[in-house]
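Working notes for the structure below.
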Amino acid sequence: MSNWFPENVSTFGTDVDGVFWLIFYITAVWFVLTEGLIIYFLFRYRRKPGQKAAYILGDTWNQLAWVLVPLAIVVVLDVLIDIRGADVWAKVKGQRPPAEIVVLTAGKQFNWEFTYPGPDGKFGTPDDLKLDNELHVPVGKVVHVKLTAKDVIHSFFLPHLRLKQDVVPGREITAWFEVTKPGEYEIPCAELCGFGHSGMNGRLYAHTAEDYEKWLKERWSAEK
Ligand SMILES: [Cu+2]
């Protein structure tokens, strides 16, 4: 059933999908079980001549068990999801591996603005390279994107990388990822940000190491 999702091309994508499927299967089984019981009881205990409904107060352990046993199961399953989810959260949002490439990313109505430091490796200098809706990275490297918003709240979404991070005015939030497969992937905005929101869609170009070097040479030196 994994083909419901776009292909995963990030190092942590499998973990994120794992939490999704864990929650999906737990809730699916639970849904079928409880709805099935409701339908079964509906027929099994339907009104029949000569049979009167009992008024149950739940004051014996036998009756209370109908509430307490499912409650205990739900709590155990919930803790299971929490433990697994916390692990993945720590990996994706908690401990960031050190950056090999840093790109400043600004969300604005209705574009993603990416800024590279240029040949001097420093931001805020005249050789900075600014691109609209084009994020170029090499595969197999840890990329940090420093996310800011110029107007309203946006959300930086890389569906193929299982990464989504709100972009909030007045804050700089760093997200990270490492792409595993070269290709072109979309970067939609995932937070309704105004009239042009649906058209706010950047592109992630994941290059092989050699192609990325080539791109750097062409673009960074060309745009002095
Ligand atoms: Cu938006």
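Every number for a ligand or one of its atoms is a count from 1 in the order of the listing.
E113 and K108 are joined by a salt bridge, as a carboxylate oxygen and a charged side-chain nitrogen come within less than 4.0 angstrom of each other. Ion pairing between D127 and K122 fails under the 4.0 Å rule for side-chain N and carboxylate O. Taking the charged nitrogens against the carboxylate oxygens, R203 and E184 do have a contact shorter than 4.0 Å, which makes a salt bridge.
Among the atoms of H197, an N, O or S atom falls under 2.8 Å of the Cu ion (ligand 1).
In this structure, L158 CG and I187 CD1 are separated by 5.0 Å, a value rounded to the nearest 0.5 Å.
Geometry about the Cu ion (ligand 1) gives an angle of 140° between SG of C193 and SG of C189, rounded in steps of 10 degrees.
The N, O or S atom of E191 lying closest to the Cu ion (ligand 1) is O.
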